[in-house]
Amino acid sequence: MQTASNPLREGTSNTRPQPKPCALVIFGATGDLTHRKLVPALYNLAADGDLPPGTAIIGFARRDKSDEVFRQEMEEATRKFSRQPVQDELWKSFAQNLYYHRSEFDKDEGYQALAERLAKLDRESGLGGRRMFYLAAGPEQFEPIISRLKSSGLNEPGAEGGWSRVVVEKPFGTDLPSARHLNDVVSGAFHESSTYRIDHFLGKETAQNIMVLRFANAIFEPIWNARYIDHIEITAAETLGVEGRAGYYETSGALRDMVQNHLIQLLTLVCMEPPTDLGADGVRDEKVKVLRSLRPFAKPEDVARNVVRGQYAAGAINGKSVPGYREEQNVKPGSQTDTFVAMRVLIDNWRWSGVPIYVRVGKRLPKSAAEIAIEFKPAPHILFNRDAEGGANVLVIRIQPDEGVSLRIQSKLPGAALRVEPVKMDFQYGASFGKASPEAYERLLLDAMSGDPTLFARRDEVEQAWQFVDAIEQAWQAGEGNAPALCTYPAGSWGPQEAEDLIERDGRKWRRL
Amino acid sequence: MAADTETTQQSEFFGPGISVELGQVQRELKKLWQQSDNVATRASRLNLVIYNSGESSIRANTATVERITRQHALRAIIIAAKPQLPGNHVRAWVNAHCQLGKDGRKQRCSEQIAFELTGEAREAGLTPNIVFGHLDSDLPLYLWRQGEFRAPTDQLMAWVDRLIFDSGDWTSPAAQFALVRRVSEAHDLNESLADLNWTRQLGLRAAVAQFFDAPGSADTLAGLDKVAITYAGGVGGRTGALLLAGWVGAKLGWTPAEAGTGTLSFHDDAGRTVAVSLDGSGDGDGAYVSRVALHAADGSEFTVSRDAGSAFYNTGARRDGREQNQVLPVGPQDVADLVSAELVHSGHHTTYLRAVGLVEGVM
């Protein structure tokens with residue numbers, strides 16, 4: 001870790017070694033992500049004593065404003081969005097290291113001035129040439145920013161012993177060619193070990209707990225395979241619609257917005273082999289092997305048979321009428337954008353041979369929930385109430401809300417008759433650990449400062465995921481008459497009937513969430 | 001601190017709970033759950049046994065347990081040994097500490113069982129039996145021994161996974177540290193000792209350590225020649241000040257030289273002398289270090305100070321003609337927060353006994 005040279009540091013944190021202070025430059029400092037997530041996360045790290053003292057945060061954006069105005073805006077945002085209340089004395093100290101740098105993203109002068117500013121901070125604050133560049137701007141700005149970071153020399157450490165890292169927000173490309181191109185642009189300026197492709201799902205406690213559950217509990221791994229598992233369901237449902245993001249959503253859709261990154265990342269964590277160690281490459285090597293084993297949808301017919309895309313029509317959420325997707329602001333009247341995807345995925349390796357993995361994601365569904373359900377095969381010989389349904393054991397990993405794990409088991413109903421009913425054993429994070437979990441961004445920012453890329457996607461992970469998803473997208477974009485239909489579903493339902501048909505063809509049903 | 005999404009339901013003004021017969025504790029606990037109409041989740045991840053043979057009451061400890069259970073689901077067993085009270089009996093109470101969940105209805109509850117041992121009962125060696133008979137099975141046992149250690153009960157110590165105490169409460173720290181060392185060696189607890197006086201300095205140690213993160217700090221750190229520590233709170237505060245001095249020394253490989261009135265000397269690994277001065281004139285209630293100043297041979301100076309009651313340290317670094325100031329959180333200070341911090345600390349205090357060893361001679 002970064003702290004090895006300071007013997008006093010060892011053991012000063014209850015949770016993890018602390019990184020050294022750095023200059024964190026946020027491109028897109030006036031945007032939503034900076035206001036809602038990044039600066040509140042940094043403040044929370046400071047409040048918990050985890051932010052290295054002296055860390056400088058420089059907001060980089062096009063609008064003209066002073067450091068002072070930027071600090072005031074960030075204070076308002078932090079008071080609104082921070083998980084902990086803002087304490088005036090601490091905010092004052094935190095804010096003295098907040099700066100604003102005005103520049104166009106594509107103007108060399110702005111980067112030269114930034115370089116001078118960072119060098120001054122190095123001299124005055126002892127930041128040691130450690131720089132982290134966070135791309136929170138629109139994806140169309142990634143390339144101009146990276147190329148100018150390179151041309152101004154900011155991709156190099158600011159001093160001997162320093163480092164220069166880049167954190168790239170999603171979307172990382174819109175398809176395989178664009179992702180490859182962006183990867184080429186990034187790798188032309190930053191080494192892979194200095195590149196952090198962020199997926200905030202991986203910063204969630206429960207996502208991290210998947211590996212702990214699987215590999216720290218000896219009872220699961222022997223049965224975590226095709227011999228004992230019937231199928232897996234991964235669900236990410238939300239009640240929200242596009243909420244003012246139609247401009248972006250129209251170019252992405254649920255497949256590219258959620259499946260290519262978040263859901264495939266969860267799938268790899270559930271299905272990967274035990275890594276040789278918990279080092280970044282140990283874990284990511286195993287995840288990539290899963291991605292390589294995903295059975296591709298070679299033909300449009302495969303897509304039509306295994307993937308359902310849907311779009312919500314008008315309906316009701318929580319008892320209130322909501323418009324259909326095409327009636328949302330900034331959505332084209334004849335939009336073909338998918339707001340719902342259900343798919344049946346197979347992994348061609350020994351562990352998972354023949355085990356279908358059903359993935360569904362959607363907007364305007366009846367409730368917001370993300371979870372993974374492992375449904376085991378039923379007991380081989382049914383001794384009790386043979387006609388009972390729902391006899392299989394199900395292990396559910398709840399990502400959000402109510403993070404936790406539950407296991408459905410069979411139990412005898414009290415009484416003289418020998419009747420068996422399912423009961424649920426439920427572990428809730430909130431019940432066993434009252435301490436509030438840190439926000440995903442807190443963990444991920446700290447990891448990037450520490451130089452730990454384990455929870456960030458590697459180049460080959462991103463490209464493999466795009467390769468898988470592109471086949472689906474290409475089938476959908478096929479000429480009129482050949483493309484699989486875009487199904488509609490009323491807002492507030494669990495998706496189109498075709499999604500039910502997809503799983504029922506296999507003699508199964510979606511879980512009731 | 002409680003999760004911000006939850007509210008706390010106080011348990012009858014922190015009374016000990018429902019009085020029960022000693023042999024009926026489990027049955028009465030079960031009744032408590034049956035009365036909850038299935039709106040409560042029983043949650044537990046450890047057993048916390050609180051043993052007190054002094055003045056601290058079950059009522060005060062109940063209030064502390066209530067605060068701890070906001071962060072940690074556990075079974076608490078409070079044992080109040082009161083030889084000064086007349087009679088020779090054991091009384092028991094059961095209680096539940098419940099927090100309302102996000103839905104405002106479903107509760108998660110931690111159990112508390114309290115025992116009062118009076119007169120000869122206290123001396124009858126009942127404690128291990130009482131503890132063993134009421135543990136939540138398969139969960140670790142944390143023993144929080146309040147006040148000073150007396151002759152330790154080896155039978156109980158053999159079961160302890162973590163031993164919590166507060167050297168800031170001790171009036172004769174030298175004898176107490178010797179006792180703790182003997183107990184920990186006998187039961188292999190060396191790295192499972194949790195001194196709340198050490199935990200109290202988590203934020204202080206981090207505030208001192210951060211001065212030396214800057215590049216090129218290794219020479220400055222190796223060249224420390226003076227350390228001045230101001231403390232409040234009499235003997236307990238002095239013990240804390242010595243622990244801090246011991247921590248710096250243990251981390252930097254110092255060896256004890258000699259001690260004078262208010263001053264300690266160490267040799268660093270190059271054989272140079274480092275003077276550590278202790279000043280007990282700090283303000284405020286409770287035992288704590290109110291200021292520490294470190295001086296290095298290259299002229300650099302570093303200070304961490306805290307006003308009485310403040311939640312923050314003010315830090316200042318002066319080196320190479322530049323001065324830098326920061327405000328940093330003090331970390332846990334209240335006793336419930338200190339214990340909570342220990343319950344979440346899954347690692348071990350590897351430096352603690354080394355630090356104690358460096359300053360034990362001048363306790």
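All of these numbers come straight from a predicted model, not from anything done at the bench. Residue numbering restarts at 1 for every chain, and letters A, B, ... go by the order of the sequence lines.
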Engaged part of A/Ala159 at the chain B interface, taking heavy atoms whose separation is under 4.5 Å: neither
Residues B/Phe211, A/Leu8; criterion side chain to side chain contact (heavy atoms under 4.5 Å, CB included); working and verdict: CA-CA 10 Å; B/Phe211 291 130; A/Leu8 295 184; over 6 Å; no
Answer with side chain, backbone, both or neither: which region of B/Asn325 has an atom nearer than 4.5 Å to a non-hydrogen atom of chain A? backbone
Rounded to the nearest 0.5 Å, what's the gap from CZ on A/Phe427 to CZ on B/Arg45? Could you check? 9.5 Å
Just how far is it from atom CD of A/Gln96 to atom CD of B/Gln324, taken to the nearest 0.5 Å? 9.0 Å
Which bit of A/Asp426 is near chain B, if near means a heavy-atom gap under 4.5 Å: side chain, backbone, both or neither? neither
Is it the case that more than 12 heavy atoms not belonging to A/Lys412 sit under 6.0 Å from its NZ atom? yes
Sequence neighbours excluded, which residues qualify as side chain to side chain donor-acceptor pair (under 3.5 Å) partners of B/Asn47? none
Which heavy-atom pair separates B/Leu328 from A/Pro53 by the least distance, and what is that distance? CD2-CG, 3.6 Å
If you define the side chain from C-beta out and look only at heavy atoms, does anything of B/Pro329 sit under 4.5 Å from A/Asp48? no
Considering only heavy atoms, which portion of B/Phe212 lies under 4.5 Å from any heavy atom of chain A: side chain, backbone, both, or neither? both
Closest non-hydrogen atoms of A/Arg9 and B/Ala206, given as atom of the first, atom of the second and distance, are NH1-O, 3.9 Å
Interchain contact, B/Leu46 with chain A, by part (heavy-atom threshold 4.5 Å): neither
Please check if the number of heavy atoms outside B/Glu323 that lie under 6.0 Å from its CD is greater than 12. yes
Value rounded to 0.5 Å, distance of CG in B/Asp320 from CZ in A/Arg123: 13.5 Å
Just by distance, do the side chain of B/Asp213 and the backbone of A/Pro52 share a donor-acceptor pair under 3.5 Å? no
Rounding to 0.5 Å, atoms CG (A/Leu51) and CD (B/Gln210) come to a distance of 11.0 Å
Ranked by heavy-atom pairs below 4.5 Å to chain B, first place among A/Ser125, A/Gly126, A/Gly54 goes to A/Ser125
